Amino acid sequence: MTIEHIDVAYTAVATADNGRDGRVSSDDGNLDVVVNPPKAMGGSGAGTNPEQLFAAGYSACFQGALGVVARKEKADITGSTVTASVSIGKTGAGGFGLEVAITASIPNVDRATAQSLIEKAHQVCPYSNATRGNIKVELSVA
C-alpha cells in the first residue's frame with residue numbers, strides 16, 4: 001500500500017501531558033481538557049478520554065463528509081446526526097486496538113438512500129480514509 005501525499009490545508013497541533021491521566025491542549029488554546037482513563041478501564045472517569053476525543057472528531061468529520069456527498073446527490077440531510085462509537089480492547093498480539101461503529105440518522109430520506117449516502121461518505125471522510133484497512137469500522141443507519 002502506497003502512502004498518498006496530500007496538499008496540506010491545515011495542521012492541528014495538540015500536546016498531551018501525562019498521557020491518559022493528565023491534560024491535552026491545542027496550540028491555539030481552543031482545546032484544553034483533563035483526560036483520565038474511563039472507569040471501565042480502572043480509571044477515575046473524571047475527565048474525558050482519548051476514545052471520546054476520537055469519537056467526537058470522527059463523528060464531526062463524517063457528518064461533514066455526509067454533507068459533501070448529499071450536496072452532490074441533491075439529498076436533503078437536514079436534521080441528520082452522526083454518532084461514532086469508539087471501542088478499545090486488547091488485541092491478540094498483546095497490545096490494544098480500536099473498533100468504530102458509525103450510526104447515521106437521516107430523517108428526510110428513505111433507508112436505502114441513507115445507506116448509500118453513508119457508504120459514499122465513508123469513501124470521502126478523512127477519518128475513514130485514515131482508518132481503512134487498520135481497524136474495523138461498521139456503518140449503520142438509525
Side-chain angles (χ1 to χ4, degrees), residues 1-41 43-93 95-142:
M1 181 164 127
T2 304
I3 297 174
E4 185 177 334
H5 173 73
I6 63 170
D7 183 15
V8 175
Y10 168 73
T11 300
V13 178
T15 301
D17 178 30
N18 210 33
R20 286 184 160 272
D21 207 3
R23 176 172 232 86
V24 177
S25 59
S26 61
D27 64 336
D28 62 6
N30 287 328
L31 177 72
D32 188 357
V33 295
V34 171
V35 290
N36 299 116
K39 287 183 180 182
M41 293 179 67
S44 70
T48 190
N49 60 67
E51 292 70 41
Q52 289 174 325
L53 294 170
F54 187 69
Y58 203 158
S59 63
C61 191
F62 199 95
Q63 178 78 39
L66 182 61
V68 168
V69 169
R71 283 188 290 283
K72 286 182 183 176
E73 303 279 323
K74 296 186 178 15
D76 180 7
I77 63 162
T78 305
S80 65
T81 60
V82 173
T83 301
S85 301
V86 175
S87 299
I88 185 172
K90 290 185 179 180
T91 66
F96 287 86
L98 300 174
E99 293 183 356
V100 177
I102 300 285
T103 305
S105 172
I106 311 172
N108 295 329
V109 300
D110 61 68
R111 190 169 194 80
T113 300
Q115 187 66 40
S116 175
L117 289 170
I118 65 170
E119 288 171 10
K120 290 175 182 175
H122 189 49
Q123 298 306 309
V124 173
C125 176
Y127 277 68
S128 292
N129 289 332
T131 59
R132 188 170 289 109
N134 297 311
I135 65 172
K136 180 179 171 185
V137 177
E138 292 183 354
L139 305 175
S140 64
V141 175

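All values reported here derive from a predicted model rather than from experimental measurement. Note: hydrogens, waters and symmetry copies are ignored here, and every other heavy atom, side chains too, is used.
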Worksheet item: Say you draw a straight line from CG of Leu31 to OG1 of Thr15; how long is it, rounded to the nearest 0.5 Å?
Response: 10.5 Å
Response to the item:
Correct closest heavy-atom pair for Gly19 and Val35 would be O-CG2, 3.3 Å
Worksheet entry | Value rounded to 0.5 Å, distance of CG in Leu117 from CG in Leu139 | 12.0 Å
Worksheet, complete the sentence: In this structure, CG of Asp17 is separated from OG of Ser25 (nearest 0.5 Å) by 8.0 Å
Worksheet item: Listed by chain and number, what are the side-chain hydrogen bond (donor to acceptor under 3.5 Å, both in side chains) partners of Lys136, not counting sequence neighbours?
Response: Glu138
Worksheet item: What pair of heavy atoms forms the shortest contact from Pro107 to Thr78, and how long is it?
Response: CG-O, 3.7 Å
Worksheet item: What are the two closest non-hydrogen atoms of Asp76 and Ile106, and how far apart are they?
Response: O-CG2, 4.2 Å
Worksheet, complete the sentence: When rounded to the nearest 0.5 Å, the distance separating CZ of Phe96 from CE of Met41 is 5.5 Å
Worksheet entry | Partners meeting side-chain hydrogen bond (donor to acceptor under 3.5 Å, both in side chains) with Ser116 (sequence neighbours left out) | none
Item to complete: Nearest 0.5 Å please: distance from the CZ atom of Arg111 over to the OG1 atom of Thr113.
Response: 12.0 Å
Worksheet item: If you round to the nearest 0.5 Å, how far is CG of Asp27 from OG1 of Thr11?
Response: 9.5 Å
Worksheet item: What do the steps show when you test Arg132 against Val137 for side-chain contact (heavy atoms from CB on, under 4.5 Å), and what is the final call?
Response: CA-CA 8 Å; Arg132 188 170 289 109; Val137 177; over 6 Å; no
Response to the item:
All heavy atoms of Arg20 vs all of Pro50, minimum pair found to be NH1-CD, 3.5 Å
Practice prompt. Output yes when a side-chain donor or acceptor of Asn49 lies under 3.5 Å from a complementary backbone atom of Gly45, and no otherwise.
Written response: no
Discussion item. Quiz question: by atom type and distance under 3.5 Å, do the side chains of Thr83 and Ser59 form a donor-acceptor pair?
Written reply: no
Discussion item. Determine whether a donor-acceptor pair (N or O, by modelled atom type, separation under 3.5 Å) exists between the side chain of Ser26 and the backbone of Asn30.
Written reply: yes
Worksheet entry | Expected output: side-chain Gln63 to main-chain Val82 donor-acceptor under 3.5 Å | yes
Worksheet item: Between Cys61 and Pro126, what is the shortest heavy-atom contact and its length?
Response: SG-CD, 3.3 Å
Discussion item. Please check this pair: side chain of Asn36 against backbone of Gly47, looking for a donor-acceptor N/O pair closer than 3.5 Å.
Written reply: yes
Discussion item. side-chain contact (heavy atoms from CB on, under 4.5 Å), that's the test. Do Thr131 and Phe54 meet it? Break it down for me.
Written reply: CA-CA 12 Å; Thr131 59; Phe54 187 69; 4.0 Å; yes
Practice prompt. Report the C-alpha separation of Phe62 and Ile118 in whole Å, then their side-chain angles, then the decisive distance to 0.1 Å, and conclude whether the side-chain contact (heavy atoms from CB on, under 4.5 Å) test is met.
Written response: CA-CA 9 Å; Phe62 199 95; Ile118 65 170; 4.2 Å; yes
Item to complete: Measure the shortest side-chain to side-chain distance between Lys120 and Val124 over non-hydrogen atoms and say whether it is less than 4.5 angstrom.
Response: no
Discussion item. Could you check whether Gln123 and Glu119, counting side-chain N and O atoms only, form a donor-acceptor pair closer than 3.5 Å?
Written reply: no
